[in-house]
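Here is how names work: the chains are called A, B, and so on, in the same order as the sequence lines, proteins then strands, and each is numbered from 1.
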2 protein chains.
Amino acid sequence: MGVTIYDIAKEANVGVGTVSRVLNNHPSVSAETRDHVLAVAQKMDYRPNASAQRLARRKSRTITAIMPYITNYFFVELLGGIQDFLFERDYDLLLYGVNHPKQIETYLQRSLRAGHSDGMLIASIDLPPDYTQKYLKNNFPIILVDRFNENFDSFFVQNVEGAHAATRYLISLGHTRIAMITGNKETTPTQERSQGYLSAVGEIDTVHNAGIFYPVLESTNDGFSKDAGCEIMKTILTLPEDRRPTAIFVASDIQAFGAMHALKEAGLRCPEDISLVSFDDIELASYYGLSTMRQPIRKLGVLATERLFARMDHPKLEPLHRRFTPELVIRQTAGPPPSRYRNV
Amino acid sequence: MGVTIYDIAKEANVGVGTVSRVLNNHPSVSAETRDHVLAVAQKMDYRPNASAQRLARRKSRTITAIMPYITNYFFVELLGGIQDFLFERDYDLLLYGVNHPKQIETYLQRSLRAGHSDGMLIASIDLPPDYTQKYLKNNFPIILVDRFNENFDSFFVQNVEGAHAATRYLISLGHTRIAMITGNKETTPTQERSQGYLSAVGEIDTVHNAGIFYPVLESTNDGFSKDAGCEIMKTILTLPEDRRPTAIFVASDIQAFGAMHALKEAGLRCPEDISLVSFDDIELASYYGLSTMRQPIRKLGVLATERLFARMDHPKLEPLHRRFTPELVIRQTAGPPPSRYRNV
DNA sequence: ACAAATTATGGAAGCGATTCCAAGGTAATA
DNA sequence: TATTACCTTGGAATCGCTTCCATAATTTGT
C-alpha cells in the first residue's frame, strides 16, 4: 500500500535505521545524509504509519476523555480547556461522550486495552469501585474532574461550600422561607449541594427550609434540565402563597432557566416575587441576569490535563486533590423578599 | 510489561494462532479449547494491545471528526449524533476541536498519517484546495458536514433557501424595511444566507433592504456570537427611527440573543417594535421564543457517519450530496410592524 | 475399508515503525 | 605512527498482534 521507511532506505541507498533517525531528528546523522533522505521521503510522499509508531514506541500520543453530555456549556468549556493544552503537546484526544449511563462501563472497559491511550480524564462521573481497583493495579494514569476520589488526582469544585454560600446570600437578603430545586437524588452534585443548603438554612433559627424538590420523572439522565426545573417550579407554585418560599436555591443554571420560565408563565416576577440563585454560571447565565455560583470550568480542564501529563511522566506521584471554591456572581434574579414577608 | 498472547499460549499449551482465533471468535476452534483459553486469559488478566491490533489488522477502528467550537449547541448536537452511531459500531472517536483557524492545517496534516484513523468527518470547515487533492489522491474516506464540495460526500442545509424563506416570512407579516445581521464576511454561512436574504428583498418592489450588518471587530472566530449580535443591534438602533428597519433577519440564533438583549436595554420590545427571525434553532431558541429556521443538526451527524461507514466499506462510491431544507419555526419574536409603518 | 473432505491446530511470516549493537571511518592525542 | 575516541551507519531484533499455510486428526461418502 503506502510507502514505508524500507522503500525510502532502498531509494536513498541508506539503512532503515538511518531513515528512522532522520525522521525523528536524531542528532547523529550527517547533514548531508539528512537532506538527502528528507528529499527522497518528500519525493515519495512518505507518510508515517501511526499504528506502527505506536507499537514500536509503546506510546500512543493520545489521551482519552470520558464525560457525560450534561449541559452543553460545561461539556464544551471543559473540552476546550483540555484540547488547548493537548494541541501544544501534539497529542490527540479520544472522546467518549456519555449519552446514557450504560455506556460508561463499555467505555471504561475499552480504555483498559493496553496501548489504547496514554492516560485518561474522567469528568463528572463517579468511578465504579471495581474500576478503581483495575486502574490502580495497572497504574494507569487517570485524573478525575468534577469528582473526588482519594486514590486519584481529583480536580473539583466545593459543592457543599458553594451551596452554603448561595443560601447564605439569600438569607442575607432577608429571606426566611427558602426552598431548593435540584437534580436526581443519586447524583453527587445533588447530594453535596443539598448538604450545603441544609447546613445554611439550619444555622439560623428564623429561617425555614421550605423543602428540597427533586425531579418527578425518572429520567435517563441526571435531572439537571430546563424541563425538570420548569416542572418543579410549577409544583412549588401550587403551594398556598403563605407557605410558598420567597427564595429558591436552584442547583443548576439550566434548571433555573426552566424555573424562570414557569414563573413568567404564572405571571410572577423574579426577583420581586421569588428570588433565585443557582449554580454553574454557564454562558447564558450572564446573559439572562442569573445570580449564580461560578465554577472555573475551563481552568479545571487545563489544570487537570497538565496534571495528567505530569503523571504520565512520573507515574509514582502521590494523588493530588485540588478543590476550587465557587464564587458568587450577583446579577438580577435575587433581591429582598416581598415587603409583606420581610424579616421579623 | 503486560501479558501477551504468547504468555497465554504457553500457559494454555496451545499455539498463538489458536489464542488469537479464540480471542477473535473465529469459528474453527473447538468449544473445549475455546473455554480453556478464555479461562487462562481471564486468569492472567489479559488485555489486548490496541496498537498491535491496529498494525496487524491495518484498521484503527477509529474515526476522526474535525469541527470548530462554533456555537456550543451545534457542536454538541452534531457530536452526539456521531457518537451514538459510533457506539453501536464499537468505533472510537478522535476529536479535533478547532479553537483557532490556524489549527485546521495542523489537524488536517495529522489526519493524513497512515493508520491514524479509518475515515474523517469534516464539519463546518471549508476544505483547503491542496487538501482536496491530497485526500483524493489517497482515496481517504472523508465526509463533509455543513459544507459542500463536489468531490466529496456532502451533507448540508440549504442556506440560501433558508434565508430566503425567513425573509419572505418577514415580508408576509407586512414589513417593508428589513435589515440583516450576520457573521464575518468571509464565512460561507454569511455569504449564502446574505444571498438568500438579498434575493428575497429584491423580489418585491415595496420592500427595502435597510442594510446587511457585519460584526465590527475583527474577531478570531466567525463573528457568530452573542456579543457581536448585541453590538450590531446597538449600531442599528442609532439610526433615525424613520430609517430604522422594522424587522431583521439575523443569521444565527446566538446573535439574535445578543440583539434581543440590546433591544431590551434600549427599552424596545420584540416583536412590537422590531421583529426578528434567525437561523439554527438551537436549544435555547425554543425556550426564549425565538422564531427561527430549524436545522436538523443531529440528523446530519447520524447520516454523515452512516455514509462514512458505507464509504469505508466501498471506497469507490460516487460522491453523494444531500441537502436539507431548513424549516421555519414560528414563535414569538416576529409579528406585524408597528401600525405607523404598516403596509402602504 | 479406503479415499476425500472437513475441522483444529501450530507456528512462521508478516504489519511498519524504533532502537540497540557492532563496525567502519575519521579525527584527535601522545 | 599507533592508540583512543567519536561520529555515522547498517541492519537485526523487537513491539504484540493477525493470518496464511501446512499438517494432523476426524468425519463423511461409497
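D/dT9 atom P lies 12 Å from atom NE2 of A/His36, rounded to whole Å. In this structure, B/Arg61 atom CZ and D/dT18 atom P are separated by 12 Å, rounded to whole Å. As rounded to whole Å, 18 Å separates atom P of D/dC7 from atom CD of A/Glu32. When rounded to the nearest whole Å, the span between CG of B/Leu23 and P of D/dT18 equals 7 Å. In this structure, A/Asn25 places its CG atom 15 Å from C1' of C/dT18, rounding to the nearest Å. Rounded to whole Å, atom C1' of C/dT18 lies 14 Å from atom NZ of A/Lys59. C/dG16 atom P lies 17 Å from atom NE2 of B/His116, rounded to whole Å. Between B/Ile5 atom CD1 and D/dT19 atom C1' the separation is 11 Å, expressed in whole Å.
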Considering only distance and modelled atom types, tabulate donor-acceptor pairs under 3.5 Å from the side chains of residues 34-43 of chain A, sequence neighbours left out.
residue	atom	partner	partner atom	Å
A/Arg34	NH2	A/His26	O	3.1
A/Lys43	NZ	A/Glu11	OE2	3.1

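Side-chain contact check for A/Asp146 and A/Ser124: at least one donor-acceptor pair (N or O, by modelled atom type) lies under 3.5 Å. Remark: the B/Thr132 side chain and the B/Asn151 side chain contain no N/O donor-acceptor pair separated by less than 3.5 Å. Using modelled atom types and a 3.5 Å distance limit, the side chains of B/Arg57 and B/Asn24 yield a donor-acceptor pair. Between the side chains of A/Ser117 and A/Thr64, at least one donor N or O lies within less than 3.5 Å of an accepting N or O. The closest side-chain donor-acceptor pair between B/Asn149 and B/His321, if any, does not fall under 3.5 angstrom. The closest side-chain donor-acceptor pair between B/Thr106 and B/Tyr96, if any, does not fall under 3.5 angstrom.
Within the 3.5 Å criterion, the main-chain N or O of A/Gly115 finds a donor-acceptor partner in the side chain of A/Arg54. With B/Gln103 contributing its side chain and B/Asn99 its backbone, the two residues share a donor-acceptor pair below 3.5 Å. In this structure a side-chain-to-backbone donor-acceptor pair under 3.5 Å is present from B/Ser154 to B/Phe152.
An angle of 30°, rounded to 10°, separates the two end axes of the helix from C/dA1-D/dT30 to C/dA30-D/dT1, each defined over five pairs.
A distance of 6.5 Å separates OH of B/Tyr135 from CG of B/Leu127, quoted to the nearest 0.5 Å. Remark: B/Leu94 CG to B/Arg110 CZ distance equals 8.5 Å, nearest 0.5 Å. With rounding to the nearest 0.5 Å, the separation of CZ in A/Phe75 from OH in A/Tyr69 is 4.5 Å.
Both tests hold for A/Arg89 against A/Phe309: distance to the six-membered ring centre under 6.0 Å, angle to the ring axis within 45°.
For residues 49-58 of chain A, proximity to DNA chain C is found at A/Asn49, A/Ala52, A/Gln53, A/Leu55, A/Ala56, A/Arg57, defined as any non-hydrogen atom under 4.0 angstrom from a strand atom. Contact check of residues 7-20 of chain B against DNA chain C (heavy atom, cut-off under 4.0 Å) returns B/Asn13, B/Val14, B/Gly15, B/Val16, B/Gly17, B/Thr18.
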Report each atom pair, protein N/O against N/O of nucleotides 23-27 of chain D, whose distance is under 3.5 angstrom.
none

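Taking 4.0 Å as the cut-off between side-chain N and carboxylate O, B/Arg61 and B/Asp118 do not count as a salt-bridged pair.
Between A/Tyr6 and A/Ala31, the one whose closest nucleotide on DNA chain D sits nearer the 5' end is A/Ala31.
Looking at heavy-atom distances under 4.0 Å, B/Thr4 makes contact with sugar-phosphate atoms alone, never a base. Base contact: B/Ser28 has a heavy atom under 4.0 Å from a base atom.
Ring pair B/Tyr107/A/Phe87: centre-to-centre distance below 6.0 Å.
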Inset, instruction - Going 5' to 3' through nucleotides 21-27 of chain C, assign each nucleotide B (protein heavy atom under 4.0 Å from a base atom), S (under 4.0 Å only from sugar-phosphate atoms) or - (no protein heavy atom that close). - result: -------

